[in-house]
Amino acid sequence: MTGSLGVALEELDLPSADLGVHTGLAGFGDAWLTGRSEGRLRYAEEGGFLFVSAVVPPSVRYAEAVRALYAELFALTKRVGYPTICRLWHYIGRINGTTADGLETYRDFCVGRALAFEEVGATMPAASAVGSAHEGVSVCLLATRAGALTAIENPLQVPAYRYPGQHGPKSPSFSRATYLRQDAGGTLFLSGTASILGHETAHPGDLAGQLATTFGNVEAVVHERNLARHGVDAGFGLADFDRVTAYVRHADDLAAVEASCRAAFGAGTAVRLLRADLCRSDLLVEVEGVIT
Ligand SMILES: C=C(O[C@@H]1C=C(C(=O)O)C=C[C@H]1O)C(=O)O
């Protein structure tokens, strides 16, 4: 299924897709073609940023393989001199399926990632984790060598890394956004954001309600007062987004989500829609984006 403004995630040949779309930073497409490989890690450097991708092959369980991959990713970013991880993207086959141990695949993924973060004590970067028609787990990472990174939380939501145990054995390791301050200016990377208030899904089964709550969460994250609470001297609204990607569970909802995103974000915001399953089976839509 092709979204009216983009291609369905399952049609993207990640990670070789247009990486500039994912990072919101132009130029990775060409750099990627001349990128390097180190074992299962493929990476490219462009404009002071490092983009890495790797794939965990299909398995009946993922926790240990994800933990090990993350350990490799942390080691690579330090070794090649890009220690500041700004943003991660995860594309998980059968994300709402179950592992051989009866755990939802997404929750099993979260176990492995959390263990890797516990080992290194790294700042929680912005992230997204959505379903993919490709089996296995694809991970894309954006890191930089310069600048100050601030992890941002949303006053309307419990930090994901503090979700209670009802959402899985280990909570998801990500922040709601990261703000990167560099000499050239600031960049805000917004994590996948959905209709979750506190730690509960709001408006299950109601697309319009989920869209309204999602946009409200995005506004709360990027608002001047929230950024100031995190020591960031900046403030934004929905119209300030350079690009957003909306992940939509049901193909039949693509047109309605496109219309809502066009109404909510600015005329200058590039909107991309992808059909994808989401981290909770009761979520219908989620939005991520970049403000530069
Ligand atoms: C939508 C949510 O989580 C999703 C899962 C994420 C992950 O596990 O990395 C990050 C953002 C979203 O794609 C949420 O918990 O609010």
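Order of listing sets the numbers, starting from 1, for every ligand and every atom in it. As the structure is a computational prediction, the values presented were derived from the model and not from experiment.
- Val130 does not count as a contact of ligand 1, since none of its heavy atoms falls under 4.0 Å from the ligand.
- Listed by atom number, the atoms of ligand 1 under 4.0 Å from Gly192 heavy atoms are 1 (C), 11 (C), 12 (C), 13 (O).
- By the criterion of a heavy-atom distance under 4.0 Å, neither the backbone nor the side chain of Arg280 is placed next to ligand 1.
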Candidate pair Phe117 and Tyr70, rule ring pair (Phe, Tyr, Trp, His ring centres under 6.0 Å), full reasoning: CA-CA 8 Å; Phe117 272 98; Tyr70 253 87; 5.6 Å; yes

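- If you look at Arg176 next to ligand 1, the close heavy atoms, those under 4.0 Å, all belong to the side chain.
- Checked by distance only, ligand 1 and Ser191 stay at 3.5 Å or farther apart across all their nitrogen or oxygen atoms.
- Heavy-atom contacts from other residues, nucleotides or ligands closer than 6.0 Å to CG of Asp101 number more than 12.
- Any N or O atom pair closer than 3.5 Å counts here, and Gln157 shares no such pair with ligand 1.
- When each atom of ligand 1 is checked for a heavy atom of Tyr106 under 4.0 Å away, the hits are 5 (C), 6 (C), 7 (C), 8 (O).
- Using the six-membered ring where Trp is involved, His167 and Tyr163 have ring planes that are tilted, between 30° and 60° apart.
- Not a single N or O atom of Thr193, backbone or side chain, sits closer than 3.5 Å to an N or O atom of ligand 1.
- Only the side chain of Glu286 comes within 4.0 Å of ligand 1, counting heavy atoms alone; its backbone N, CA, C and O stay farther away.
- By the 4.0 Å heavy-atom criterion, Cys279 is counted among the residues contacting ligand 1.
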Could you go step by step and tell me if Phe265 and Phe215 meet the ring pair (Phe, Tyr, Trp, His ring centres under 6.0 Å) rule? CA-CA 9 Å; Phe265 293 98; Phe215 296 145; 5.6 Å; yes

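- At a heavy-atom distance under 4.0 Å, only side-chain atoms of Tyr163, from C-beta outward, approach ligand 1.
- Among protein heavy atoms, atom 6 (C) of ligand 1 sits closest to Phe174 CE2, 3.4 Å.
- Considering only heavy atoms from C-beta on, Glu288 comes within 4.5 Å of Arg87 through its side chain.
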